[in-house]
Number of protein chains: 2
Amino acid sequence: MGIFSKTCEYAIRSVFFIAHRTAGQSGRVGIKEIALGIDSPEPFLAKILQDLSRRGIVQSTKGPNGGFYLDSASLERPLSDIVAAVDGNDIFYGCGLGLKQCSEINPCPLHNEFKDIRNKIHLMLHETKIGEFNAELMNGMLSLKK
Amino acid sequence: MGIFSKTCEYAIRSVFFIAHRTAGQSGRVGIKEIALGIDSPEPFLAKILQDLSRRGIVQSTKGPNGGFYLDSASLERPLSDIVAAVDGNDIFYGCGLGLKQCSEINPCPLHNEFKDIRNKIHLMLHETKIGEFNAELMNGMLSLKK
DNA sequence: ATAATAAAAGACTAAAATGTCTTTTATTAT
DNA sequence: ATAATAAAAGACATTTTAGTCTTTTATTAT
């Protein structure tokens with residue numbers, strides 16, 4: 001079990017992939033190519049992208065030459081938007097020991113330690129933009145598969 | 001979904017509970033009281049503690065006046081031992097985007113960012129000892145339930 | 001020795017996450 | 001208009017995680 005659900009991992013990787021594959025030339029990229037490019041099961045990824053599309057995080061068009069893409073606003077969005085959409089806000093705000101009532105006035109033993117870590121995760125994901133790695137992804141310096 | 005599995009959350013909370021409930025007087029505490037004290041399903045917790053017992057992270061004796069306890073060595077162990085035993089090492093070393101081959105020479109886009117966060121989690125859990133919160137747990141300053 | 005106690009072990013069930021398949025709808029090129 | 005394309009939608013199937021129940025084994029007090 002990682003920090004994120006499998007669904008969320010695929011979501012982030014696919015959005016990175018769509019970003020670098022369609023940036024600039026305003027092209028589209030199909031589900032098959034995305035699934036190959038990030039090494040994910042195609043039908044499962046399809047469901048994930050349908051959801052991201054409904055939520056406006058990625059854009060899509062049907063039919064010939066159709067596929068997924070990102071408009072310029074989407075390229076500027078922070079990764080935290082994807083994580084919040086797919087996995088919810090628990091990773092940013094939830095108690096590390098799973099206590100519903102954990103808070104400043106009713107803290108678990110690790111309350112402050114986890115607050116610190118959660119804040120760092122939140123900050124990192126908020127500062128990182130979807131389109132940020134396009135150059136490195138295009139020249140192969142960064143990997144999205146295996 | 002939190003940072004840890006539900007199993008691991010219960011494991012950590014129960015070990016904290018056993019620690020503060022049995023420290024000093026070398027007493028024992030039964031599964032029923034532990035489950036109540038950390039607000040967890042009793043039979044599920046029983047399985048978890050059986051596992052921790054097999055691994056030597058907690059101690060136990062059967063029969064009347066039996067129950068779970070922690071010897072002085074166990075009280076000094078870091079929380080990271082519990083997490084590694086229950087959830088494995090992925091949280092300390094795994095790729096944030098789920099890539100098996102992700103590494104310094106084949107990094108995912110968030111490789112360095114995640115390395116930083118994972119190290120902080122590891123350090124925090126390694127520095128925190130099981131018996132560390134006994135005083136605050138005994139006087140009710142810290143909570144393990146709800 | 002026996003009865004009572006409490007954890008260990010193992011089989012079982014339920015729910016959630018992950019993954020697959022088929023049909024429908026929208027778009028485009030002819 | 002029609003055929004081809006590609007995503008959307010929704011019904012399934014599988015696996016993993018979470019949780020339950022019953023029987024066995026070890027310990028202790030009588």
Side-chain angles (χ1 to χ4, degrees), chain A residues 1-15 17-18 21-22 27-36 38-70 83 85-88 90-91 97-98, chain B residues 1-15 17-18 21-22 27-36 38-70 85-88 90-91 98:
Chain A
M1 197 214 236
I3 301 263
F4 305 128
S5 67
K6 229 93 202 29
T7 300
C8 193
E9 291 174 356
Y10 291 143
I12 296 173
R13 276 152 60 194
S14 66
V15 168
F17 187 88
I18 298 168
R21 242 330 250 87
T22 65
R28 314 277 153 84
V29 58
I31 183 73
K32 224 161 282 186
E33 188 181 341
I34 304 171
L36 258 172
I38 70 166
D39 201 47
S40 77
E42 189 194 313
F44 189 39
L45 182 62
K47 306 230 64 170
I48 296 168
L49 286 176
Q50 279 160 31
D51 183 54
L52 293 182
S53 175
R54 251 180 269 120
R55 293 168 184 274
I57 292 176
V58 304
Q59 284 68 52
S60 70
T61 53
K62 297 179 178 182
N65 305 318
F68 296 91
Y69 62 101
L70 293 168
V83 173
V86 176
D87 278 355
D90 261 27
I91 191 172
L97 300 186
Chain B
M1 197 214 237
I3 301 260
F4 305 128
S5 67
K6 226 91 200 34
T7 300
C8 192
E9 290 174 356
Y10 291 141
I12 296 172
R13 278 153 57 196
S14 65
V15 169
F17 186 89
I18 298 168
R21 237 340 243 85
T22 66
R28 313 277 152 86
V29 59
I31 184 72
K32 226 161 277 185
E33 188 181 341
I34 304 170
L36 257 173
I38 70 167
D39 199 49
S40 77
E42 188 194 313
F44 188 38
L45 182 63
K47 305 228 65 166
I48 296 168
L49 285 177
Q50 279 162 31
D51 183 54
L52 293 182
S53 175
R54 249 180 271 119
R55 294 167 183 275
I57 291 176
V58 305
Q59 285 68 52
S60 70
T61 52
K62 299 179 177 180
N65 306 317
F68 296 91
Y69 63 101
L70 294 168
V86 177
D87 278 356
D90 261 28
I91 193 174

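Residue numbers start from 1 in every chain, and the chains themselves are labelled A, B, ... in the order their sequence lines are given, proteins ahead of strands.
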Begin with the C-alpha distance, continue with both residues' side-chain angles, and end with the deciding distance and a verdict on side chain to side chain contact (heavy atoms under 4.5 Å, CB included) for A:K6 and A:Y10. CA-CA 6 Å; A:K6 229 93 202 29; A:Y10 291 143; 4.1 Å; yes
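A:N65 is linked by a side-chain contact (heavy atoms from CB on, under 4.5 Å) to nothing, counting only residues two or more places apart in sequence or in another chain. Partners of A:F68 under the ring-ring contact (aromatic ring centres under 6.0 Å, His included) rule, at least two apart in sequence or in another chain, do not exist in this structure.
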Protein-nucleotides 10-17 of chain D N/O pairs under 3.5 Å:
from: D:dG10; atom 1: N7; to: A:K47; atom 2: NZ; distance (Å): 3.0

In dot-bracket, 5' to 3', how would DNA chain C read with Watson-Crick or G-U wobble pairs under 3.5 Å, [ ] for crossing ones and | for pairs to another strand? ||||||||||||||||||||||||||||||
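Atom CD1 in B:I34 sits about 11 Å away from atom C1' in C:dA7, given to the nearest Å. Rounding to whole angstrom units, CG of residue B:L45 and C1' of D:dA18 are separated by 13 Å. Put simply, CG on A:D90 is 11 Å from P on C:dA17, counting in whole angstrom units. Atom OH of A:Y69 and atom P of D:dA7 are 12 Å apart (whole Å). Going from atom CZ of A:F68 over to atom P of D:dT5 covers 18 Å, rounded to whole Å. Between B:I48 atom CD1 and D:dT20 atom P the separation is 11 Å, expressed in whole Å. Distance B:D51 CG to C:dA8 P: 11 Å, rounded to the nearest Å. Separating the CD atom of A:Q59 from the P atom of D:dA8 is a distance of 11 Å, rounded to the nearest angstrom.
Side-chain contact check for A:F4 versus A:V86: every heavy-atom pair is 4.5 Å or farther apart. The closest side-chain heavy-atom distance from B:K47 to B:T7 is not below 4.5 Å.
Here the closest non-hydrogen pair linking B:V29 and B:R21 is CG2-CG, 4.2 Å. Of all heavy-atom pairs spanning B:I48 and B:A11, the tightest one is CG2-CB, 3.9 Å. Minimum interatomic distance between A:D87 and A:S5 (heavy atoms only, all atoms of both residues): OD1-OG, 2.6 Å. Minimum interatomic distance between A:L70 and A:I18 (heavy atoms only, all atoms of both residues): CG-CG2, 4.0 Å. Of all non-hydrogen atoms in B:L49 and B:S14, the two that sit nearest each other are CD2-OG, 3.6 Å.
Judged by closest nucleotide on DNA chain C, B:K32 is the one of B:K32 and A:Y10 placed further toward the 5' end. Each of B:R54 and A:C8 was assigned the nucleotide of DNA chain C with the nearest heavy atom; the assignment lying further toward the 5' end belongs to B:R54.
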Please encode protein proximity along nucleotides 23-30 of chain C as a string of B, S and -, counting only heavy-atom distances under 4.0 Å. --BBBBS-
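Here A:I31 lies in heavy-atom contact (under 4.0 Å) with sugar-phosphate atoms only.
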Could you list the donor-acceptor pairs under 3.5 angstrom formed between side-chain atoms of residues 51-59 of chain B and any protein atom two or more places apart in sequence or on another chain?
from: B:D51; atom 1: OD1; to: B:R54; atom 2: NH1; distance (Å): 3.4
from: B:D51; atom 1: OD1; to: B:R55; atom 2: NE; distance (Å): 3.3
from: B:D51; atom 1: OD2; to: B:R55; atom 2: NE; distance (Å): 3.1
from: B:S53; atom 1: OG; to: B:S60; atom 2: OG; distance (Å): 3.4
from: B:Q59; atom 1: OE1; to: B:D71; atom 2: N; distance (Å): 2.9
from: B:Q59; atom 1: OE1; to: B:S74; atom 2: OG; distance (Å): 3.1
from: B:Q59; atom 1: NE2; to: B:G56; atom 2: O; distance (Å): 3.3
from: B:Q59; atom 1: NE2; to: B:S74; atom 2: OG; distance (Å): 3.2

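B:T61 and B:R28 are linked by a side-chain donor-acceptor pair at a separation below 3.5 angstrom, with hydrogens and angles left out of the test.
Taking only side-chain nitrogens and oxygens, A:S53 comes nearer than 4.0 Å to OP1 or OP2 of D:dA8.
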